[in-house]
Structure formats: structure tokens, C-alpha cells
Amino acid sequence: MMNVSNREAAEVGKRLLAWYNESKRDLPWRRTSDPYKIWVSEVMLQQTRVETVIPYWTRFMERFPTVESLAAAPEEEVLKHWEGLGYYSRARNLQSAVREVHTKYGGRVPDTLEEISSLPGVGPYTSGAVLSIAYNVPVPAVDGNVFRVLSRLFLIEDDVSKPAARKKFEGLAEFLIPPGEASDFNQALMELGARICIPKSPRCPSCPLQEVCRSHKEGVQEDLPVKGKKKPPRPLDIATGIVRYEEKVLLTRRPLEGLLAGMWEFPGGEVDNGESHENALQRILWEKWALRLTVNSHFADVQHTFSHLHWNLQAYTCEVIGEPVAESETARWVNVWELADFPMPVAHQKLAKALQGLV
DNA sequence: GACTCGTGGTG
DNA sequence: TCACCAAGAGT
């Protein structure tokens, strides 16, 4: 394997497992062996910090403790429990996959790569993580931590931001798994990356692999892993209406695909080039909701940055002219104290909070 | 292979 | 401040 001997691999495994047994963190999903609960934790942990996930996972397990309970739940309640975690398609994919497990596999989470990989939202990392952690199947689970640890440990200079690098790291990670130790070893690799072999200023003096680390030997550990640069977020002007009618405000639901899929928000949309926010608001509410209104005063200015977008959101209080839009699956008139019941993106939660402060 | 998809923490 | 980035997946 790639210039790595069996003896070197065994040494890495031995050191890493000893370190992990001694100092692993007491995480709530490590107190269970239920593959469903481990699966949910892995989905929540995608691109999300452990400390952030803990309270979400705990609440989620209280409300949806089994495959059956999640499969039977209303989609919006699942989304509400995901509110604030981001990447909301994870929640919809998870419930969809759980329903498939319920109907197709009798409620038992599959234990083969072939089957579990076919579930929506279960990619190369999550499939390996669930199989190895829950079933101790000797397959790799390569996440950002593993890319970083292995690139330093074996001084691999491939660009880890490119999909092509994955094959090499997966092959190496699989080769390193000590016989019968897939669960602990994979978690140990990630835990080392999260606590010792961190992105900036790695804690090499505390690392159990320091003596066998190729990049530390060369003093280049800070230069790894090699990563391409990201593009800056694209700015986007958003006009939003706080539309009131008989003590209620209008909420609309976003499409089930794309940005903030299925979340509720105050109605509005993208401002065209050169158009004023006020004009855009009247145009959009007419085009989308057949709603005529007068724009009264500027209510709030909210800036929110996503991975690839930067919203410049201007909100205005508005007044309906004539008949209000009828309620539907995608439009609801709600009292301000009911806003908390709807899953909303963070930018709109700020507006909701400001609105509640007025009444 | 390059984009899209959230949010909060960090140095 | 701001660029980075965190137990990635879908298109």
C-alpha cells in the first residue's frame, strides 16, 4: 500500500487505539449501539461541530427515538427540530431514508455498503461511518479530519479539495484499520484530527503519532493538507415584506428544493439589477402571491452570509390593498406569537424576534 | 469536476 | 476583521 509497510500500519493502529482508549470524549451517541441513533448523529455532524450537534441530537432522540417514530412524523416537525442546524435537505433526506429503511428493510438499518449507500443523504463518508461505528465493518470513513491527519502522517500533497483525492485516502484508511478494530480506529482517527491534529497550530507535542509522522519529521505539518481556495460569497439583494392584515402577518414557504428548502419566511425575493427594494417588493408579491400592497416604512436591515451567498435583506412593513391571499400549503397568516412554531432560516428569525419586540 | 447547500466558532 | 472551516451529499 502506497509506500506504507504492514509494520508501519500496525504501529500507527496500536498507538492510535491506545491513545483513544485513554482519552476519548464522552459523547452522547457513544453511549448507544443503536445504528439508527448513530446514523442520525453522523448526518447531523456533516459539516457541523460536535458542540453544536449535542443539544440537537439529544432533543431529536427524545422526540424521534426510533426508525418508526421518525418515519411516521410530519415533515415539518422534523424540520422544526433541525432549525438552526443548516443544510436542511439533510433533514428531509434523512426522513426519506428512514422511511425506506422502515418499509424496505423492516426497520433495520442496512449493514452492507451496497444497501446503505443507496439511501438518500448517505454518501461515501456516512456509509463508512455507520457501518464501521455501529457494525464494526472494516470500511474507511474519510472526513475532513481524516484527510488532514493522513495527509500529515504520510506527507501526501494531493489537493484534498478535489474529489479525485478521495480514492487514495480511502484506500490508505482502509489499509490502516487493525483487524477487528474498525469502530474504534475510525473514531480515533477523527478524534485525533478534532483535538490534536487540528488545522492551525497542531498540538504535535501531545500527539501519540508524533514519532511516526512523516510531515512532522520534515517540519511541514503546518503546510498540509493542500487545499484549493474557495470563491467569495456572491452578494444578493433581497426585498422582504412584513405584511400585516388584521393583527396577523403573512408567512410563505420556500420551495422543497434549493436554498433553505421547505423553510418558512416573510414573503419577498431577489431585487433586480438597478431596481429599488420598494419596487421589487411590490413586483415580487404580485408575481408570486397575487398580492397588491402599499409599502410603508423601512423595518429592518439584515445581513446574512451563507457558504456561497451574501444576503443584503431589506424588510419593509406593508399594507394589503383589497383582499389578502388565501391560505394554502405555502402561505399562512399567523399571529406574531405563533411565529416560533414555524421552521425559519436564521435571517428571518431575526425579523420575527424584532417583530415580537414591538407587540 | 464544479456548484450548490447553513450556521457558528476561531485565530 | 475576515478567511477559514466543521464527523459531506446531491446535482
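Here the structure is a predicted model, which is why all the values come from computation and not from measurement. In what follows, chains carry the letters A, B, and so on, assigned in the order in which the sequence lines appear, proteins first and then strands, with residues in each chain numbered from 1.
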Query raised in the report: Which part of the nucleic acid, if any, lies within contact of A:V50, taking any heavy atom under 4.0 Å across all strands shown: a base, the sugar-phosphate backbone alone, or nothing?
Result: base

Query raised in the report: Base, sugar-phosphate, or nothing for A:L27, non-hydrogen atoms under 4.0 angstrom?
Result: base

Work out how far the [atom1] atom of [N] is from that of [M], and round it to whole angstrom.
N: B:dC3; M: C:dC4; atom1: P; result: 16 Å
N: B:dG11; M: C:dA7; atom1: P; result: 14 Å
N: B:dC5; M: C:dC5; atom1: C1'; result: 15 Å

What's the [atom1]-[atom2] distance between [X] and [N], to the nearest Å?
X: A:R254; N: B:dT4; atom1: CZ; atom2: P; result: 15 Å
X: A:I198; N: C:dC5; atom1: CD1; atom2: P; result: 12 Å
X: A:L309; N: B:dC3; atom1: CG; atom2: C1'; result: 11 Å
X: A:L256; N: B:dC5; atom1: CG; atom2: C1'; result: 15 Å
X: A:D159; N: B:dA2; atom1: CG; atom2: P; result: 9 Å
X: A:R92; N: C:dT11; atom1: CZ; atom2: C1'; result: 15 Å
X: A:F147; N: C:dG8; atom1: CZ; atom2: P; result: 10 Å
X: A:Y20; N: C:dA7; atom1: OH; atom2: C1'; result: 11 Å

Query raised in the report: Quick one: on DNA chain B, does A:R234 or A:S201 contact a more 5' nucleotide (nearest heavy atom)?
Result: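 It is A:R234, whose closest nucleotide lies nearer the 5' terminus.
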
Detail all sub-3.5 Å separations between protein N/O atoms and N/O atoms belonging to nucleotides 6-10 of chain B.
| residue | atom | partner | partner atom | Å |
| --- | --- | --- | --- | --- |
| B:dG6 | OP1 | A:Y87 | N | 3.2 |
| B:dG6 | OP1 | A:Y88 | N | 2.8 |
| B:dG6 | OP2 | A:L260 | N | 2.3 |
| B:dG6 | O4' | A:Y87 | N | 3.0 |
| B:dG6 | N7 | A:Y87 | OH | 3.3 |
| B:dG6 | N7 | A:S307 | OG | 2.4 |
| B:dG6 | O6 | A:Y87 | OH | 3.0 |
| B:dG6 | N1 | A:Q47 | O | 3.1 |
| B:dG6 | N2 | A:Q47 | O | 3.3 |
| B:dG6 | N2 | A:T48 | OG1 | 3.1 |
| B:dG6 | N2 | A:L85 | O | 3.3 |
| B:dT7 | OP1 | A:Y88 | OH | 2.8 |
| B:dT7 | OP1 | A:V346 | N | 3.2 |
| B:dT7 | OP2 | A:H304 | NE2 | 3.0 |
| B:dG8 | N2 | A:R49 | NH1 | 2.9 |

Requested in this report: Determine, for A:K80 against A:E76, whether the closest basic-nitrogen to carboxylate-oxygen distance falls under 4.0 angstrom.
Outcome: no

Requested in this report: Classify the angle between the aromatic ring planes of A:Y245 and A:W333 as parallel (below 30°), tilted (30 to 60°) or perpendicular (above 60°).
Outcome: tilted

Query raised in the report: Side-chain N or O of A:K231 less than 4.0 angstrom from OP1 or OP2 on B:dT4?
Result: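 No.
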
